[in-house]
Amino acid sequence: MNYQAIRAAIENPLLTAFTGLSVPVFFDNITAVPVGSTLEYVTVNVTFGETNEATLTSSVDTARGAIVIRVFTEKGKGPARNQILITTAVDVLETFHNSNKTNTGVFLKVGNISGPTFSTVDTTPLFEGRVETSYVATVLS
């Protein structure tokens, strides 16, 4: 199982999309979000759940998990900017359905996308939007 290949297949398109909008992206276990940040940013969490399907196949190269994307924008300015960034995240997630299975690499499909949900916290100057989905990834070699 190549967890890094799966993570890269999910993270790289999101990083490219948000970098194009000049929005910093923070991935789990890499660089921490600056404490007390007042600037917009995105966090992406990729979790791994089942990492084999022994009853369906003898392969251990299929993993299931979840993707959680949180978008933080300036509070008190309305939801428009947050919704633009959330839409970007959803657009990227939906592109995973357009990929074709090849002989090598990672074949990735996402489930239903939940959200967006929006929230604020009195102790932070940022407005949060969140979407999440499940995924199934197969590493082909």
Side-chain angles (χ1 to χ4, degrees), residues 1-54 56-141:
M1 177 59 62
N2 189 334
Y3 297 107
Q4 282 306 106
I6 294 169
R7 185 175 287 283
I10 295 167
E11 292 177 349
N12 287 340
L14 289 164
L15 180 62
T16 299
F18 287 113
T19 300
L21 296 172
S22 300
V23 178
V25 181
F26 298 94
F27 299 100
D28 25 329
N29 202 28
I30 299 181
T31 304
V33 175
V35 176
S37 178
T38 59
L39 302 175
E40 66 184 17
Y41 63 90
V42 174
T43 64
V44 177
N45 298 93
V46 178
T47 65
F48 293 92
E50 297 177 6
T51 55
N52 70 359
E53 295 183 5
L56 299 177
T57 178
S58 60
S59 170
V60 294
D61 291 328
T62 299
R64 295 179 184 272
I67 304 165
V68 179
I69 302 168
R70 292 177 183 90
V71 172
F72 296 89
T73 55
E74 192 175 355
K75 188 171 22 176
K77 299 284 186 177
R81 177 64 177 168
N82 199 286
Q83 290 172 2
I84 289 168
L85 298 180
I86 282 289
T87 300
T88 299
V90 170
D91 289 347
V92 171
L93 292 173
E94 288 178 337
T95 65
F96 295 136
H97 285 296
N98 299 330
S99 64
N100 294 318
K101 200 170 200 177
T102 60
N103 292 332
T104 60
V106 176
F107 180 63
L108 180 71
K109 294 291 184 183
V110 296
N112 294 331
I113 298 170
S114 297
T117 57
F118 299 100
S119 63
T120 60
V121 178
D122 289 338
T123 59
T124 177
L126 300 171
F127 180 68
E128 178 186 353
R130 174 185 169 129
V131 292
E132 58 187 273
T133 187
S134 60
Y135 70 85
V136 176
T138 303
V139 179
L140 306 166
S141 52

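Both backbone and side-chain heavy atoms feed into the values below; hydrogens, waters and symmetry mates do not.
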Please table the atom pairs, donor to acceptor, closer than 3.5 Å between any side-chain atom in residues 78-85 and protein atoms at least two apart or in another chain.
unit_1 : atom_1 : unit_2 : atom_2 : d
Arg81  : NE     : Glu40  : OE1    : 3.0
Arg81  : NE     : Glu40  : OE2    : 3.3
Arg81  : NH2    : Glu40  : OE2    : 2.7
Asn82  : ND2    : Val71  : O      : 3.2
Asn82  : ND2    : Thr73  : OG1    : 3.0
Asn82  : ND2    : Phe127 : O      : 3.1

Practice prompt. For Ile6 and Tyr135, run side chain to side chain contact (heavy atoms under 4.5 Å, CB included): C-alpha distance rounded to whole Å, both residues' side-chain angles, the deciding distance at 0.1 Å, then the answer.
Written response: CA-CA 10 Å; Ile6 294 169; Tyr135 70 85; 4.0 Å; yes

Worksheet, complete the sentence: Heavy-atom closest pair (Pro24 atom, Ser22 atom, distance to 0.1 Å) is CD-O, 3.9 Å

Discussion item. In the structure I gave you, are the side-chain heavy atoms of Val25 and Leu14 within less than 4.5 Å of one another anywhere?
Written reply: no

Discussion item. Checking Ala5 now: which residues fulfil side-chain contact (heavy atoms from CB on, under 4.5 Å) with it, not counting sequence neighbours?
Written reply: Asn2, Val106

Practice prompt. For Leu126, check side-chain contact (heavy atoms from CB on, under 4.5 Å) against everything at least two apart and list the hits.
Written response: Tyr41, Phe72, Thr124

Discussion item. Tell me if a side-chain donor or acceptor on Thr133 pairs with a main-chain N or O of Ile67 at a distance below 3.5 Å.
Written reply: no

Fill in: Selection residues 123-136 - residue pairs positive for salt bridge (charged side-chain N to carboxylate O under 4.0 Å, His left out), sequence neighbours left out
Arg70-Glu128, Arg130-Glu132

Practice prompt. State which residues pass side-chain contact (heavy atoms from CB on, under 4.5 Å) with Pro125; sequence neighbours excluded, sorted by chain then number.
Written response: Thr38

Discussion item. Would Thr88 and Leu21 count as a side chain to side chain contact (heavy atoms under 4.5 Å, CB included) here? Give the steps.
Written reply: CA-CA 9 Å; Thr88 299; Leu21 296 172; 3.5 Å; yes

Item to complete: Would you check if Phe27 and Leu15 make a side-chain contact, meaning some heavy-atom pair closer than 4.5 Å?
Response: yes

Fill in: Arg7: partners by salt bridge (charged side-chain N to carboxylate O under 4.0 Å, His left out), with sequence neighbours left out
Glu11, Asp28

Discussion item. Looking at every non-hydrogen atom in both residues, tell me the closest pair between Phe118 and Gly129 and how far apart they are.
Written reply: CD2-CA, 3.7 Å

Result block: side-chain N/O donor-acceptor pairs under 3.5 angstrom for residues 90-97, not counting sequence neighbours:
unit_1 : atom_1 : unit_2 : atom_2 : d
Thr95  : OG1    : Val92  : O      : 2.5
His97  : NE2    : Val110 : O      : 2.9

Worksheet entry | Contacts of type side chain to side chain donor-acceptor pair (under 3.5 Å), residue Asn12, not counting sequence neighbours | none

Response to the item:
Closest non-hydrogen contact found for Ala8 with Pro13 is O-CD, 4.0 Å

Practice prompt. Any side-chain hydrogen bond (donor to acceptor under 3.5 Å, both in side chains) involving residues 110-120? Give me the pairs, sequence neighbours left out, ordered by first then second residue.
Written response: none

Discussion item. Going by the rule side-chain contact (heavy atoms from CB on, under 4.5 Å), which residues pair with Glu74 if we only count those two or more places apart in sequence or in a different chain?
Written reply: Lys77

